Each structure stands twice: as structure tokens, then as C-alpha cells.
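Keep in mind that the numbers below use all heavy atoms, side chains included, and drop hydrogens, waters and symmetry copies. Quantities reported herein were computed from a predicted structural model and do not represent experimental measurements. Protein chains get the first letters and strands the later ones, always in sequence-line order, with residue 1 at the start of each.
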There are 2 protein chains.
Amino acid sequence: MTLDDLPTPCLVLDRPVLLRNIAAMAETAARHGVPLRPHLKTAKSIEVARLALAGQPGGITVSTLAEAEYFLGCGLTDILYAVAITPQKLDLAAALNGAGADIMVVTDDADMAGMIAAHPVALRTLIEIDTGEGRSGVDPEDRRLLEIAAMLGARLAGVMTHAGHSYAASGVEAIRAIAEAERAGVVRAAERLRQAGHPAPVVSLGSSPTLRHAASLAGVSEVRAGVYMFGDLFQAQLGTHGIDDIAVTVLASVIGSDRVGGRLVLDAGALALSKDRSTAGAPKDYGYGLVLDLQGRRSLGDAVIGRAYQEHGVVTPDPAWKLPALAVGTRLRIAPNHCCLTAAAHDRYHVTDGGEEVVAIWTRLNGW
Amino acid sequence: MTLDDLPTPCLVLDRPVLLRNIAAMAETAARHGVPLRPHLKTAKSIEVARLALAGQPGGITVSTLAEAEYFLGCGLTDILYAVAITPQKLDLAAALNGAGADIMVVTDDADMAGMIAAHPVALRTLIEIDTGEGRSGVDPEDRRLLEIAAMLGARLAGVMTHAGHSYAASGVEAIRAIAEAERAGVVRAAERLRQAGHPAPVVSLGSSPTLRHAASLAGVSEVRAGVYMFGDLFQAQLGTHGIDDIAVTVLASVIGSDRVGGRLVLDAGALALSKDRSTAGAPKDYGYGLVLDLQGRRSLGDAVIGRAYQEHGVVTPDPAWKLPALAVGTRLRIAPNHCCLTAAAHDRYHVTDGGEEVVAIWTRLNGW
């Protein structure tokens, strides 16, 4: 089977690029002497997880309990559920522990910490620290840090943070500064806990951009990242990787081609690509994705999906690019703005070894 | 089971509102004396389809062949696949006809028309007409209209158009003008075909806004619409329906609540809501959705999801609204910007009769 045999739209995963991205992040973690706990919210696939875990201790990060359940079913037990837990979700997390998992949960709330401590099933818990993103977590100096720790008691395993605001940074120096604030903040929180008598062995941080550019990870016990596996047009502009390091693309077909008027319409629209417009604020705006040829080459210049309807993607040609005479049915590929969102629109990866042959199909989990 | 028992995030469908929306569109179609061919790309559910078909001839519209296959499996045979077909998809459409469907396909391309005509399985075909949207289709006066018709020969069943640019209109008068251009354009195309000796019995048009406000549908044989069933914050501002007519919401839980700092974080982020920002250009920008209470009331004023991460939604409070002390685990509901995109993030509807009891679970189709 080749890419020409697949129904469109569908998701293509270039395995050599994936492996290269995984090796680069593993090398980064090794250089700092810190183990990597891959975040699987992007890939949501056991095959990708196994590749990302090569040479690592085996712990993973997930963003939903559905992911935790799926990966536990595949034999992975050391799981950090990195989104703050609710009372209703405690029982499910506990049930997964009863089924063999060792789930770490996260909170930034004293009442929730009390409920975790009172639950009959022990769940190791990390306190979420805000190191500048302003999304969730307590400030390292916040008095609530010690209140939450006191509520958790023996359930307290440490601290975690995510410097997601690195995505809004302009330039490598800015990312490096955020990486240091992420490290210093979460290490400071751990020190405060230890001064108060809590062991807090786990000091967990990470985002793909900050790990890529961090000067030091001193005091950190583990790092987390996920986007680096696949890459995307937004990360490429952050300097997390090159544009040739994007491993996932959407295979699409031409459904309308007005060779006189220069109009080109594909069957990859908002559902197949997502409506993520993260490159709108980046140096180069790629619309809803960059149009590549079937081989994944940039032979159409900077042609992008300029308008995305539910199932229609309308191509905006590169101004310097002469529209080739593409017949209806011609296959193209679209590099995504944001791989997490685009991948989530699909239920499987069509894996290639860089060519047009489909060498494997890997299913992926969606939903909650 | 009540809404309090459901894992979050998940999708809630208010059946009385759905039925009211369906009745309103059926009344509109009846007033014009034109049958409705409901577009099921929004709902993708046989239960919703059956309600939408009450009093109608039974024909449906779909946006993917996966939907066609699903609805055929549920016994619906008269199916318009309203996205332009490709050579690769012809065989699948033909196979569905072999399995009992009567699928109508769409093209705006002479080469594709030739392939449809040459296919051993007969597929009734509509020529797509561009009545102002500029997305796909041929102009009613374009010489290619007759070329495509000549290629199709006996396969030609008529013409179809979709005035999707009505979504960008400001005010009811503007929508009414677009509705008339949609009608006049597609009827003119049918007349040209008939003058050239083609019967062209099918003259199909529609979008929820243009149907709602059309003054005349003279010459039209059927109308199509889908968004009207569920409604959303964008359509409410177009005047397609009221804000109380939004039938689908996302049930979410509070996962972070800084009662001092006024920060409120929910477990409905970009994956549960979509990254659709269609209200960004509307009179009122609802961010990634309007925050309602568990009962679906606007007791939080104009609080919206201001920032959407993969699984986190950060609430931007109404400036005139005092943040209530919401504990972690508190349930809220989010009205969507664009119901088609938000619904597509979920695999089922949790149906209520307006209260908190879940009276049914209806699965929905996704993917291709």
C-alpha cells in the first residue's frame, strides 16, 4: 500500500523524522543527566510511546485519564497525569492504581489535597507550580504551597511545572530565560517543601522549547515534553526544530482546480487540520498549514491553506509561485501549525519510512 | 444518571431546544413549499437525523463518504454527498450505491465529469454552482457549466450551491441579499442547462442563515442546512437564532480555582471546544466559548474561555461579574462558537430534556 491508495484526508507519520526528533530530545536529556518522562498527549499511541521511551526509565506523562487507562492497558505503569485532578476523577485514578498503575496526580488546591489525602487508595501527588505561565499552579513563594503540602502529608511526592509561556517567546534568548525561570521556580518550591520537612523527591518540569534551549537543569529530577516528537510550523519558528523536522502531515486530495482562475481546493479543511492558527502571531503566518507535494517536498513554495471550511481547504498560492495544472484527485500533504491539535482529528497514523509506501498503521486514542 | 455523574469534558445535547430548532426550520421550508434535505455534517447522528427528517421526504446531505456509509447502514438511502468528488472516491460511492444507496455526487470539473460518466455504476450528479462564496463551483454564466453538463450526459441530475459567505454578512438585510443571489444564481444555472436540452430537475441550495431569511425560494427544488439544529454563538449573532436556542454545550469541571486571584481553570480546552474563533470577528467576541452554569443558565454573565490549551480552558470573567467561590470539581457548561467543530471533538451526545437528568446517550460518527 502506498500513500496513493489511502482515502483522504488522513494522517501520515514519517518514521525517520520521528526517530530523529526522539533521538535529539534523548540526547538533550542525557546531556543534562536527567531522565525524560515523555508527554504522550501529542502522540497518544503506544508505538510512538515505545520509541520515545528508548533509553529512558519508562515513566510517561498524560493529559487525560483515558490516556492513562490506554497506556496502562499497554503495560506502562509509571504515569504522571499532568492536569490538575478533580474529586470526581480521584476514583478513576485510584481504580487504575488498583489495576496495576502507579499514577501520580497533580493539584494546586488545598481542598483537593485534603480529598486526595483522605482517599483510601494512595495516590502520589505533585503540587503544581506556576513559574510564569499564569495558567495554573501556585507561585513558588506562595504560602499556599505549604498549606497544600500539609494537607497532602504522606501523599506528597514533589512538585511539577510547565513553562508553556515559552510558546509565546520571541527568540532563543527569551526561551532560555524562561527555561531558567522554570527551573529556578520549581527547584525553589521543592526547597521550601524540604525546609518544611517534606521529602519532595520529584522535581518535574518541561516544555519542548525550554528543554531544547535550557542552559541548566540543576536540581531537576525529570523532564517532560511531547511536541518535539512530531514538530510543527509553530515550533519550527520558535527554534525548537527545523521545518524539515516535522514528522506528521495530512494527506489530502485536490477536489477543485480552476486552472484559469488559479483556485485550488483540497479535501482537508477545519476538521482534518484543526482551526489552530498559532502561526498567526509567528514571524511567518502559514494559515491553516503549509502545502507540500505528495513526497513531502516544498515544491509549491509557501502555498498555504488560507481558508478552512469543515471539509474544504482553499489554497492561497505563494505569491512567487505559478499554480501548476493540478488535476482533481492530485495528492498533496499539509504540514500542521500545531501537531497536537491536528493529530487529534485523526484516529490513526499511516507510517512511512520517508517514501510513499505505507509500512505500518498505528492507531491513536482520542477523547476522554 | 445526571450531568453530575458524567466524566468531563463531554458533550450535552438539550433535546427540547433541538426539537424547537428543527421545527422552526421545517416551518421555514414548508412556508416556501420546498422540501428540506437536512445536512448531517453537524450532528453526524442517526437519532438527530430521524428527528430532523420528520415531515420531510427523507433525503439527507453529508460531507464525507464515511457519513454516507454510516447513514446508509441506518437505512437512509437518498444521500447527497455535497463535497466535490475525486476519482479515488468514485469507487466507494459506487459501492454504496451497490449496497442500496442512491447517492448523488457533486463536481465542478469537466475531467471529473468525464470519469463519472465513464464509471460502470451510474451516479446521479449535480454541478456545483458558485453564487458568490468563491470557494468552489462554476459561475452560473461560465461556459464550463455546459461543458461539464455535456461530459456528464445522462448522469446529470441538476445543480447545487451553498452561499457560505452568508456567514460573513453583517445584518439581516445583507443575508437576505445573499439568499436572493444564491437562489437566482442556481436557478439561472438550471435554466441554462435546460435551454441546452438537459432536464436538470434538482435545484438545491442552502445555508442556515440564508434559509432563515430568504424572501423567495422560487425555482428551487430542495434546501439544505445543518447548523440550525444545534446553533452556536456565531449563528446567534448572525440572527439565525437566539442565544437561548443553542442546543449543544460542553460539560466541564473546575480544575483550578484561585479564589483570591480570581483565576478559574476548567478541564475543557482546545480539544474539547475546538480552536474555532469565529466570534472573533463578530459583534461580541466569546473567546473559545461562553461559560454557563450546570443548568445552562447565564448566571456568570459574559464569562468566556479566554485561553484554550490542549486540556485547560482559562476563564476570562465578565468585567461586571464577581467571581463566585467555585470549588474544584464544580461543573459548568460552555456554549460553543461553532457547533460543527465542537461537536466533532466528541463521540457521543449526553441528551437531556432540559434538566440535569441524562435521558439518552446518542453516539456520533467522526473521521473519514
Heavy-atom closest pair, residues [X] and [Y]:
{"X": "B:S253", "Y": "A:T86", "result": "CB-CG2, 4.1 Å"}
{"X": "B:P87", "Y": "A:G329", "result": "CD-CA, 3.7 Å"}
{"X": "B:G137", "Y": "A:R263", "result": "O-NH2, 2.7 Å"}

- Task: Could you tell me whether B:R277 and A:D276 have a side-chain N and a carboxylate O separated by less than 4.0 Å?
- Result: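 A salt bridge is absent here (no side-chain N lies under 4.0 Å from a carboxylate O).
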- Task: Give every residue pair that meets the salt bridge (charged side-chain N to carboxylate O under 4.0 Å, His left out) criterion with at least one member in residues 305-314 of chain A, sequence neighbours excluded.
- Result: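 Of all non-adjacent pairs touching residues 305-314 of chain A, none passes salt bridge (charged side-chain N to carboxylate O under 4.0 Å, His left out).
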- Message: Taking salt bridge (charged side-chain N to carboxylate O under 4.0 Å, His left out) as the cut-off, I'd like each qualifying pair that reaches into residues 83-93 of chain B, sequence neighbours left out, listed once.
- Response: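 Only A:D267-B:K89 qualify under salt bridge (charged side-chain N to carboxylate O under 4.0 Å, His left out).
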Need one label for [X]: side chain, backbone, both or neither, based on atoms under 4.5 Å from any heavy atom in chain B.
{"X": "A:L92", "result": "neither"}
{"X": "A:D108", "result": "side chain"}
{"X": "A:A66", "result": "neither"}
{"X": "A:R331", "result": "side chain"}
{"X": "A:S274", "result": "neither"}
{"X": "A:D139", "result": "neither"}

- Query: Which bit of B:T8 comes within less than 4.5 Å of chain A, counting heavy atoms only: side chain, backbone, both or neither?
  - Reply: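 The answer is both parts of B:T8.
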- B:D130, part contacting chain A, at a heavy-atom distance under 4.5 Å: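 Only the side chain of B:D130 comes within 4.5 Å of chain A.
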- Message: Has A:Q310 got a side-chain atom pairing as donor or acceptor with B:L341's backbone, closer than 3.5 angstrom?
- Response: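 Side chain of A:Q310 to backbone of B:L341, a donor-acceptor pair under 3.5 Å: no, none is there.
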- Query: Between the side chain of B:Q88 and the main-chain N/O of A:P7, is any donor-acceptor distance below 3.5 Å?
  - Reply: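 Such a contact is absent between B:Q88 side chain and A:P7 backbone.
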- Task: May I ask you to name which of A:L271, A:T107, A:T330, A:D347 has the most heavy-atom pairs under 4.5 Å with chain B?
- Result: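 Among A:L271, A:T107, A:T330, A:D347, the one with the most close pairs to chain B is A:L271.
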- Message: Heavy-atom pairs under 4.5 Å with chain B: which of A:K275, A:H346, A:R135 has the most?
- Response: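 Top option by heavy-atom pairs under 4.5 Å: A:R135.
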- Query: Does the pair A:D258 and B:R144 meet the rule for a side-chain contact (heavy atoms from CB on, under 4.5 Å), with working shown?
  - Reply: CA-CA 10 Å; A:D258 174 357; B:R144 291 181 301 157; 4.0 Å; yes
- Of all of B:V314, B:L65, B:V83, B:V138, which one pairs up most often with chain A through heavy atoms under 4.5 Å apart?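 Counting heavy-atom pairs under 4.5 Å, the top option is B:V83.
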- Message: Taking every non-hydrogen pair under 4.5 Å, which of B:A308, B:G134, B:S278 racks up the most with chain A?
- Response: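 Between B:A308, B:G134, B:S278, the count favours B:G134.
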Answer whether the closest heavy-atom distance between the side chains of [X] and [Y] falls below 4.5 Å.
{"X": "A:W368", "Y": "B:P9", "answer": "yes"}
{"X": "B:M112", "Y": "A:I255", "answer": "no"}
{"X": "A:M115", "Y": "B:V328", "answer": "no"}
{"X": "B:E133", "Y": "A:Y309", "answer": "yes"}

